[in-house]
> 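Before anything else, here's the structure in question.
Just the heavy atoms: all of them, side chains too, but no hydrogens, waters or symmetry mates, feed the values below. Counting starts at 1 for both ligands and their atoms, following the listed order.
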Amino acid sequence: MKHFLSLADLTTEELQGLLDLSLRLKDEWRAGGNAPILKGKVLGEIFQKPSLRTRVSFDVAMLQLGGHALYLSPNEIQLGKRESVADVARVISRYVNIVMARVFGHADLVELAQYASVPIINGLSDYSHPCQGTADFLTILEHKGGFQGRKLTFLGDGNNVSTSLLFGATKLGMNFAIGMPRGYELHPAVWALGERFAAQSGSRILATHDPLEAIKDADVVYTDAWASMGQETEAEKRLRVFPPYRIDKDILEHAQDDVIVMHCLPAHRGEEITDAVADGPHSVLFDQAENRLHAQKAIIAWLLEAV
Ligand code: CP
Ligand code: NVA
C-alpha cells in the first residue's frame with residue numbers, strides 16, 4: 001500500500017514521474033478534458049483545519065477524473081476525539097478508495113496510514129505539505145524549465161511548507177537556501193534529511209539568519225505565513241520578529257532579474273509579502289494555486305495505479 005505523507009519518502013524518479021504525469025494530465029485537461037480514469041472511485045477528505053485550495057482542488061480533481069469526493073468537516077470526524085484515529089482509519093477504508101487528511105499533528109497521519117487499507121494523502125500537517133510541494137515544483141519546472149543549477153530561496157518560518165520545499169529541492173537536485181529568524185529554524189532532523197538527499201543529488205543547501213545572504217542570486221523566491229494555522233496565539237510575537245524576511249521590491253533586487261516569486265497562499269499581504277510583489281511581474285502565485293489541481297490528479301492516479 002502506497003501513501004503520500006512526505007516528499008522525503010519518494011525517490012527522485014517517483015517525484016519526477018509525478019511531475020511528468022501532472023504535465024500530461026494538465027495538457028489533456030487543456031485539450032478539452034480528462035479521461036474518466038477514476039470512474040466509481042471515492043476520495044474521503046478529512047479536515048481538521050480550514051482550506052480553500054486543498055479542499056476545492058481535490059474536489060475538482062476527482063470530479064474531472066470521473067470520481068467523487070466526500071468532504072468531512074472538523075465537526076464530523078473529530079479525529080481522535082469522537083473515536084480513535086485507528087478506528088477512523090479502519091472504518092473509512094470500508095467506504096472510500098483513498099483518503100486525504102489535513103491534520104494538526106503529523107503523528108495522526110502516520111497512524112491513519114498504519115491502520116487504513118486504502119492510500120492516505122497528507123493534505124497538510126504540522127510537519128509538511130507535500131501536495132503543495134509537488135504543485136510548486138511543477139510550477140518551477142514550467143517557468144524555469146528544470147531544477148539543476150537553479151536556486152530556490154525560502155524566506156520566513158522553518159515550517160511545514162519550507163520542509164516540503166527542502167525535501168523536494170534536494171531530491172530534484174535544485175539548490176536551496178532558507179533565511180529565517182533565530183528560533184524559527186527548520187527542525188534539525190528535517191535539515192539532516194535535506195543534507196542526506198543533497199549529498200545524493202548534488203544540491204547545494206544553505207540555512208542562514210541573513211535574508212540577503214539567502215536571497216542572493218535566487219531563481220525562485222518563496223514565502224509563507226509567519227504564523228501557521230494552530231499558531232494564532234504566537235502571531236503577535238512573530239509580527240515583531242519576521243519583518244526583515246518580508247518579500248518586497250527592495251529585497252527582490254538581490255535575486256536574479258528573471259526571478260519568480262512564490263507563495264503557497266493564503267497570503268497575509270503587507271506582512272510576509274507586499275502587494276507590489278504579489279501582484280507584480282515576477283509573481284506566479286496563481287499558477288501555483290492552479291497547479292494544485294493538476295499535481296493532485298497525478299498523486300491520486302499514481303496511488304490508485306489508475307494510469
Ligand atoms: N496552500 C494551501 O494549502 O491552501 P489552503 O489552506 O487554502 O488549502
Ligand atoms: N504554513 C501554513 C500553510 C498554509 C497552506 C499553515 O500551516 O498554516
Side-chain angles (χ1 to χ4, degrees), residues 4-7 22 43-62 69 71-74 99-109 121-140 154-168 178-181 184-187 190 220-239 241-242 245-247 261-269 271-273 278 283-297 299-300:
F4 189 78
L5 300 189
S6 167
L7 294 186
S22 307
L43 167 78
E45 302 175 343
I46 300 176
F47 278 95
Q48 285 189 324
K49 300 176 182 176
S51 169
L52 166 59
R53 280 144 291 271
T54 305
R55 160 79 202 274
V56 177
S57 56
F58 268 105
D59 270 28
V60 174
M62 288 305 289
Y71 171 71
L72 299 156
S73 75
V99 171
M100 185 280 300
R102 166 167 286 196
V103 301
F104 284 97
H106 188 77
D108 283 348
L109 274 176
I121 298 172
N122 177 358
L124 180 147
S125 70
D126 59 350
Y127 177 66
S128 67
H129 198 0
C131 294
Q132 181 70 54
T134 309
D136 295 339
F137 288 103
L138 175 62
T139 310
I140 294 170
F154 183 93
L155 290 185
D157 191 19
N159 65 8
N160 45 9
V161 169
S162 44
T163 291
S164 288
L165 292 174
L166 170 70
F167 292 157
I178 179 165
M180 72 254 133
Y184 297 94
E185 293 87 358
L186 285 167
H187 192 281
V190 165
V220 181
V221 173
Y222 200 119
T223 191
D224 180 17
W226 290 339
S228 286
M229 292 180 276
Q231 297 173 330
E232 288 76 10
T233 56
E234 291 179 37
E236 220 181 280
K237 183 175 155 211
R238 286 170 177 252
L239 268 177
V241 176
F242 278 81
Y245 303 86
R246 169 179 300 134
I247 302 188
V261 174
M262 303 181 74
H263 191 309
C264 56
L265 303 176
H268 305 76
R269 287 162 174 264
E271 293 182 18
E272 72 273 5
I273 192 164
S283 169
V284 299
L285 269 49
F286 303 104
D287 293 346
Q288 253 183 289
E290 180 191 320
N291 277 339
R292 294 292 301 276
L293 175 66
H294 310 299
Q296 286 155 199
K297 282 179 184 170
I299 292 165
I300 299 165

> Check side chain to side chain contact (heavy atoms under 4.5 Å, CB included) between P266 and all other residues, then give those that pass, not counting sequence neighbours.
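Scan of P266 (side chain to side chain contact (heavy atoms under 4.5 Å, CB included), adjacent residues dropped) gives R53.
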
> Looking only at distance, does M229 have an N or O less than 3.5 Å from an N or O of ligand 2?
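Right, the criterion is met.
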
> Which residue holds the protein heavy atom closest to atom 4 (C) of ligand 2, what is that atom called, and what is the gap in Å?
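Heavy-atom neighbour on the protein nearest atom 4 (C) of ligand 2: L124 CD1, 3.8 Å.
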
> Can you tell me the protein heavy atom closest to atom 3 (C) of ligand 2 and the distance?
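Going by distance alone, atom 3 (C) of ligand 2 is nearest to D224 OD2, 3.7 Å.
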
> In Å, rounded to the nearest 0.5 Å, how long is the span from NE2 of H263 to OG1 of T223?
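Output value for this atom pair is 5.5 Å.
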
> My understanding is that only residues two or more places apart in sequence, or in another chain, count here; which of them pass salt bridge (Lys or Arg N to Asp or Glu O under 4.0 Å) with D157?
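Scan of D157 (salt bridge (Lys or Arg N to Asp or Glu O under 4.0 Å), adjacent residues dropped) gives R238.
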
> About how many Å separate CD of E272 and CG of D224, when rounded to the nearest 0.5 Å?
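Rounded to the nearest 0.5 Å, the CG-CD separation comes out at 7.0 Å.
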
> Taking any residue with a non-hydrogen atom under 4.0 angstrom from an atom of ligand 1, which ones do you get?
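Residues S51, L52, R53, T54, R102, H129, Q132, C264, L265, R292 each place a heavy atom under 4.0 Å from ligand 1, listed by chain and number.
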
> Given side chains that start at C-beta, do those of I247 and Y222 come closer than 4.5 Å, heavy atoms only?
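Of all side-chain heavy-atom pairs linking Y222 with I247, none is under 4.5 Å.
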
> What part of N160, side chain, backbone, both or neither, has a heavy atom within less than 4.0 angstrom of ligand 2?
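Under 4.0 Å from ligand 2, N160 contributes side-chain atoms alone.
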
> D59: what forms a salt bridge (Lys or Arg N to Asp or Glu O under 4.0 Å) with it, not counting sequence neighbours?
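With sequence neighbours excluded, D59 shows a salt bridge (Lys or Arg N to Asp or Glu O under 4.0 Å) to R55, given in chain and number order.
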
> Main chain of A135, side chain of R292: is a donor-acceptor contact present, judged purely on distance under 3.5 Å?
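A pair under 3.5 Å: no.
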
> Below 4.0 angstrom from a heavy atom of N159, which ligand 2 atoms are there? Numbered from 1 as shown, please.
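This gives 1 (N) as the contact atoms.
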
> Taking both backbone and side-chain atoms of H129, is any N or O found less than 3.5 Å from an N or O belonging to ligand 2?
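There is no such contact.
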
> If I compare all heavy atoms of C131 with all of F58, which pair ends up nearest, and what's the gap?
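Heavy-atom minimum between the residues: SG-CZ, 3.8 Å.
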
> Would R102 count as being in polar contact with ligand 2, using the rule that some N or O on each side must be under 3.5 angstrom apart?
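Not met; the criterion fails.
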
> Of the side chain and backbone of L265, name the one, both, or neither that has a heavy atom under 4.0 Å from an atom of ligand 2.
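Backbone only.
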
> Treating S125 as the side-chain partner and V103 as the backbone partner, does any N or O pair qualify as donor plus acceptor under 3.5 Å?
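A pair under 3.5 Å: no.
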
> Do T134 and F4 have side chains that get closer than 4.5 Å, going by heavy atoms?
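When only atoms from C-beta onward are counted, F4 and T134 do touch, with a gap below 4.5 Å.
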
